[in-house]
Amino acid sequence: MKIFSAHHVFEHSWEDVSRAAFRKYPNKFNPTITAVDVLKRHVDERGRLHSLRLITSCYSMWSSVSFVRMLGLEGAMFVIEKSVVDPVDRTFTLRSRNVSLNSLIDVSESLQYRADPDHPSKTILEQEARITATPCMVAGLAESCMFDIIGSNAQLGRKAIDHVCEVIRQEHLLSPV
């Protein structure tokens with residue numbers, strides 16, 4: 001098993017980052033994510049928004065990567081994402097897990113965006129991904145490759161959030177008062 005973890009502070013409010021996280025895909029920074037479908041959404045008795053989404057990615061552009069070819073990861077791949085937005089605690093928690101090929105490689109990821117208690121105009125992101133691969137002959141290679149891919153995608157995801165926050169800011173500046 002390999003564990004990827006990251007900490008990042010966005011120079012945007014929690015409200016803007018939360019909006020941006022819902023609008024993050026598809027984006028120019030990570031074109032492998034081709035669709036996000038809401039399967040279920042509800043607000044609980046405490047006012048928290050719960051969402052269940054199906055994320056579709058297409059890794060055909062990575063077919064030159066030996067790990068991708070070796071495991072047959074070309075084509076559409078699916079991930080289930082569960083999220084909870086808590087406007088009172090000012091947290092947005094996402095948990096995702098791959099559906100495709102999970103008997104070969106299991107990737108469980110969690111992200112939590114929370115308002116910075118000392119700086120209201122900033123948002124703290126804590127991210128962790130646990131990568132477990134089987135069969136044992138290629139587990140180390142598969143986990144290392146996925147670790148690198150997740151690390152690269154995490155950086156692209158942060159760029160996408162910053163970009164969408166700027167789009168949101170422009171929309172608010174342009175919208176009539």
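One is the number of the first residue; the rest follow in order along the sequence. All values derive from a computational prediction rather than experimental measurement.
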Next on the checklist: Using every non-hydrogen atom in the two residues, find where A21 and Y113 come nearest and quote the distance to one decimal.
Outcome noted: CB-CE1, 4.1 Å

Item to check | Check ion pair D162-K159 (N to O, under 4.0 angstrom) | outcome: no

Item to check | All side-chain hydrogen bond (donor to acceptor under 3.5 Å, both in side chains) counterparts of R97, not counting sequence neighbours | outcome: D106, S108

Checklist entry - Is any NZ, NE, NH1 or NH2 atom of the basic residue among E171 and R169 found under 4.0 Å from an Asp or Glu carboxylate oxygen of the other? => result no

Checklist entry - What distance separates K40 NZ from L54 CG, expressed to the nearest 0.5 Å? => result 14.5 Å

Item to check | Contact check, side chains of S83 and F92, non-hydrogen atoms, under 4.5 Å | outcome: yes

Item to check | Interatomic distance, R19 atom CZ to H12 atom NE2 [nearest 0.5 angstrom] | outcome: 12.5 Å

Checklist outcome for this item: Tightest non-hydrogen contact, residues P87 and R90, listed as O-CG, 3.4 Å

Item to check | Candidate pair F10 and R158, rule side-chain contact (heavy atoms from CB on, under 4.5 Å), full reasoning | outcome: CA-CA 8 Å; F10 288 100; R158 292 191 292 269; 4.0 Å; yes

Item to check | Where F4 and G151 come nearest, the two heavy atoms and their spacing | outcome: CE1-CA, 3.5 Å

Next on the checklist: A side-chain contact here means heavy atoms from C-beta on lying under 4.5 Å apart; do I150 and V107 qualify?
Outcome noted: yes

Item to check | Test side-chain contact (heavy atoms from CB on, under 4.5 Å) applied to I80 and L39, step by step | outcome: CA-CA 10 Å; I80 291 289; L39 303 178; 4.0 Å; yes

Item to check | Close side-chain approach of N30 and N153, heavy atoms under 4.5 Å | outcome: yes

Checklist outcome for this item: d(L125 CG, D116 CG) to nearest 0.5 Å is 12.5 Å

Item to check | Modelled atom types, side-chain donor and acceptor of E128 and S110, under 3.5 Å | outcome: no

Next on the checklist: For a side-chain contact (heavy atoms from CB on, under 4.5 Å) check, start with the C-alpha distance between S96 and L94, then their side-chain angles and the critical distance, and finish with the verdict.
Outcome noted: CA-CA 7 Å; S96 63; L94 301 102; over 6 Å; no

Next on the checklist: Within the structure provided, determine whether I161 and K24 are in side-chain contact (heavy-atom separation under 4.5 Å).
Outcome noted: yes

Checklist entry - What closest approach, in Å, do E126 and I124 show between heavy atoms, and which atom pair accounts for it? => result OE2-CG2, 3.8 Å

Next on the checklist: In the structure I gave you, are the side-chain heavy atoms of I55 and M77 within less than 4.5 Å of one another anywhere?
Outcome noted: no

Next on the checklist: Do S57 and I33 have side chains that approach each other closer than 4.5 Å (heavy atoms only, starting at C-beta)?
Outcome noted: yes

Item to check | SB check E109 R95 (cutoff 4.0 Å) | outcome: no

Next on the checklist: Same cluster or not: F78 versus Y25, using hydrophobic residues (I, L, V, M, F, W, Y) connected whenever any side-chain heavy atoms lie under 4.5 Å apart?
Outcome noted: no

Next on the checklist: Just by distance, no angles: are the side chains of H163 and N27 close enough, under 3.5 Å, to form a donor-acceptor pair?
Outcome noted: no

Checklist entry - Where do K2 and S144 land on the side-chain contact (heavy atoms from CB on, under 4.5 Å) test, with the steps shown first? => result CA-CA 7 Å; K2 286 206 177 277; S144 293; 3.1 Å; yes

Next on the checklist: For T56, is there any backbone N or O sitting under 3.5 Å from a side-chain donor or acceptor partner on T34?
Outcome noted: yes

Item to check | Side chain N98, main chain I105, donor-acceptor under 3.5 Å | outcome: yes

Checklist entry - Where the side chain of Q127 meets the backbone of A6, is there a donor-acceptor pair that is under 3.5 Å apart? => result no

Item to check | Heavy-atom closest pair, residues C165 and A20 | outcome: SG-CB, 3.8 Å

Checklist entry - If two hydrophobic side chains count as joined below 4.5 Å and joins carry through other members, does I149 share a cluster with F147? => result yes

Item to check | K82 atom NZ: more than 12 heavy-atom contacts under 6.0 Å | outcome: no

Checklist entry - Between E143 and A133, is there a donor-acceptor pair closer than 3.5 Å when you use the side chain of the first and the backbone of the second? => result yes

Checklist entry - Is NZ or CZ of R41 both nearer than 6.0 Å to the six-membered ring centre of F22 and within 45° of the ring axis? => result yes

Item to check | Any L52 side-chain heavy atom under 4.5 Å of E81 side chain | outcome: no

Checklist entry - In terms of hydrophobic clustering (I, L, V, M, F, W, Y; side-chain heavy atoms under 4.5 Å; direct or indirect links), are V17 and V164 co-clustered? => result no

Next on the checklist: Taking W14's backbone N and O only, do any of them form a donor-acceptor pair with T123's side chain (distance below 3.5 Å, no angle check)?
Outcome noted: yes

